[in-house]
Amino acid sequence: MPIDPAPAARRAFVGIDFDPLDTDAAAAWLTRITPASPFRYVVTPNVDHIVRLETLGERDAAGQALWRAYRGAALVLCDSRVLARLARFYGIVLPLAPGSDLTVRIFAQVAQPGDRIAIIGGDAPLLAALRARYPALDLVQHIPPMGMLRNPAALAAAAAFGRDSAARFLLLAVGSPQQEVLAARIADDGGAQGCALCIGASLDFIVGRQRRAPQLVQRLGLEWAHRLASQPGRLWRRYLVDGPRIFRLAHRWYRGRVR
């Protein structure tokens with residue numbers, strides 16, 4: 001079954017062209033994916049992703065590869081309430097479609113019994129927990145080594161697994177920017193089918209390894225604070241040093257647009 005294009009033109013904000021789909025619309029789009037669909041992939045930029053993209057620029061091969069990955073995605077969905085509210089301040093409406101919510105929808109509503117879902121990332125206990133929770137799905141996994149982007153053989157092996165998995169959905173759970181670059185590599189190599197989604201730690205939320213912020217905290221746009229409190233040693237720099245740069249980037253982008 002062919003996949004319809006996004007129903008409205010993309011909306012540019014801070015250098016990224018977003019598809020104006022919320023979680024419901026994105027999940028509906030995914031229902032049209034079959035294992036035989038031409039390969040495509042979905043990215044869900046948040047504040048951290050955009051700050052990284054702007055920091056890297058396109059000065060070297062790493063930056064060029066990352067920008068190419070975002071530009072080549074079939075869907076580019078806003079993952080961040082902070083980002084959506086900042087965009088609205090500048091007169092741009094970005095519907096919210098968090099990757100974690102979309103991953104939950106895939107398992108709960110979109111995937112059908114017998115569907116193959118391939119996972120790149122995680123570990124063996126994660127796969128066991130998912131199989132126990134969703135016994136009707138055909139779940140397979142590839143576990144790449146750390147530092148995959150610095151290991152050409154590991155990147156090639158992960159791309160080959162994605163190409164050959166024959167999955168309806170391929171979940172890339174190796175963190176950003178590895179997952180976006182890997183998605184683009186699979187697309188570039190050719191021969192793959194189905195749809196890949198760059199999902200970060202979403203599977204850990206599903207099996208209870210990590211806890212998402214309460215709904216009220218999410219609605220207030222403070223999920224970042226919940227995550228910071230949960231993992232301060234790992235996340236303090238992302239949220240307290242790098243993240244606030246988004247306000248300067250947005251202002252600079254807006255001034256350039258007005259000019």
Side-chain angles (χ1 to χ4, degrees), residues 5-6 9-21 38-80 82-84 86-87 89-92 94 97 99 120-121 144 146-156 158-159 162-163 170 172-190 192 195-200 224 235 237-259:
R10 285 180 166 177
R11 299 171 186 174
F13 183 58
V14 199
I16 299 292
D17 293 331
F18 289 88
D19 289 292
L21 278 67
F39 181 76
R40 65 205 68 216
Y41 61 93
V42 177
V43 297
T44 55
N46 59 27
V47 168
D48 179 53
H49 298 179
I50 290 179
V51 170
R52 181 186 300 112
L53 283 164
E54 291 295 325
T55 300
L56 286 175
E58 297 185 72
R59 298 181 301 273
D60 56 22
Q64 291 167 10
L66 190 56
W67 274 102
R68 186 167 60 249
Y70 280 88
R71 290 168 178 156
L75 287 184
V76 180
L77 306 172
C78 179
D79 183 78
S80 166
V82 172
L83 195 62
L86 185 58
F89 177 80
Y90 289 106
I92 299 165
L94 296 182
I120 298 180
M146 297 290 289
M148 182 176 61
L149 293 187
R150 299 186 300 274
N151 185 335
L155 181 60
R163 179 196 65 217
L170 173 63
L172 306 181
V174 290
S176 184
Q178 293 192 118
Q179 57 197 18
E180 291 82 14
V181 173
L182 175 58
R185 169 67 181 269
I186 296 169
D188 289 343
D189 285 352
C195 184
L197 295 95
C198 300
I199 65 165
W224 64 269
L235 298 176
R237 184 173 183 85
R238 176 190 299 182
Y239 291 128
L240 300 182
V241 177
D242 296 331
R245 293 175 56 199
I246 190 64
F247 299 102
R248 184 173 75 250
L249 294 174
H251 182 64
R252 187 176 68 192
W253 172 86
Y254 178 73
R255 288 180 61 188
R257 185 177 182 225
V258 170
R259 289 175 183 172

Exercise. Are Thr44 and Phe18 close enough that some pair of their side-chain heavy atoms sits under 4.5 Å apart?
Worked result: no
Problem set entry | Gap separating the OG atom of Ser80 from the CD1 atom of Ile246, nearest 0.5 angstrom | 8.0 Å
For this session: Could you grab the distance from atom CE of Met148 to atom CG of Leu182, nearest 0.5 Å is fine?
Result: 4.5 Å
Problem set entry | Interatomic distance, Arg245 atom CZ to Arg52 atom CZ [nearest 0.5 angstrom] | 11.5 Å
Problem set entry | Over all atoms of both residues, closest heavy-atom pair of Gln179 and Ile199 | OE1-N, 3.8 Å
Problem set entry | Any donor-acceptor N/O pair, Glu54 side chain to Leu249 backbone, under 3.5 Å | no
For this session: Can you see which heavy atom on Ala192 is nearest to which on Gly162, and at what distance?
Result: CB-O, 4.5 Å
Exercise. Heavy-atom distance under 4.5 Å between the side chains of Ile186 and Leu170, does that happen here?
Worked result: yes
For this session: Measure the CG-CG distance between Asn46 and Asp79 for me, rounded to the nearest 0.5 Å.
Result: 5.0 Å
Problem set entry | Non-hydrogen atoms of Phe13 and Ala250 that approach each other most closely | CZ-CB, 4.0 Å
For this session: Measure the spacing between CG of Leu197 and OH of Tyr41 and express it to the nearest 0.5 Å.
Result: 12.0 Å
Exercise. Can you tell me how far CH2 of Trp253 sits from CD1 of Ile50, rounded to the nearest 0.5 angstrom?
Worked result: 10.5 Å
Problem set entry | For Pro45 against Leu83, the heavy-atom pair lying closest together | O-CD2, 4.1 Å
Exercise. What closest approach, in Å, do Ala12 and Ile92 show between heavy atoms, and which atom pair accounts for it?
Worked result: O-CD1, 3.4 Å
Exercise. Between Asp19 and Leu77, is there a donor-acceptor pair closer than 3.5 Å when you use the side chain of the first and the backbone of the second?
Worked result: no
Exercise. In terms of the angle between their ring planes, are Tyr90 and Tyr254 parallel, tilted or perpendicular, with boundaries placed at 30° and 60°?
Worked result: tilted
For this session: Would you please test Tyr70 and His49 for side chain to side chain contact (heavy atoms under 4.5 Å, CB included) and show each step?
Result: CA-CA 10 Å; Tyr70 280 88; His49 298 179; 3.3 Å; yes
Exercise. Looking only at heavy atoms, which two atoms of Val43 and Cys198 are closest? And how far apart?
Worked result: CG1-SG, 4.0 Å
For this session: Report yes or no: does Glu58 contribute a side-chain atom to a donor-acceptor pair with the main-chain N or O of Gln64 at less than 3.5 Å?
Result: no
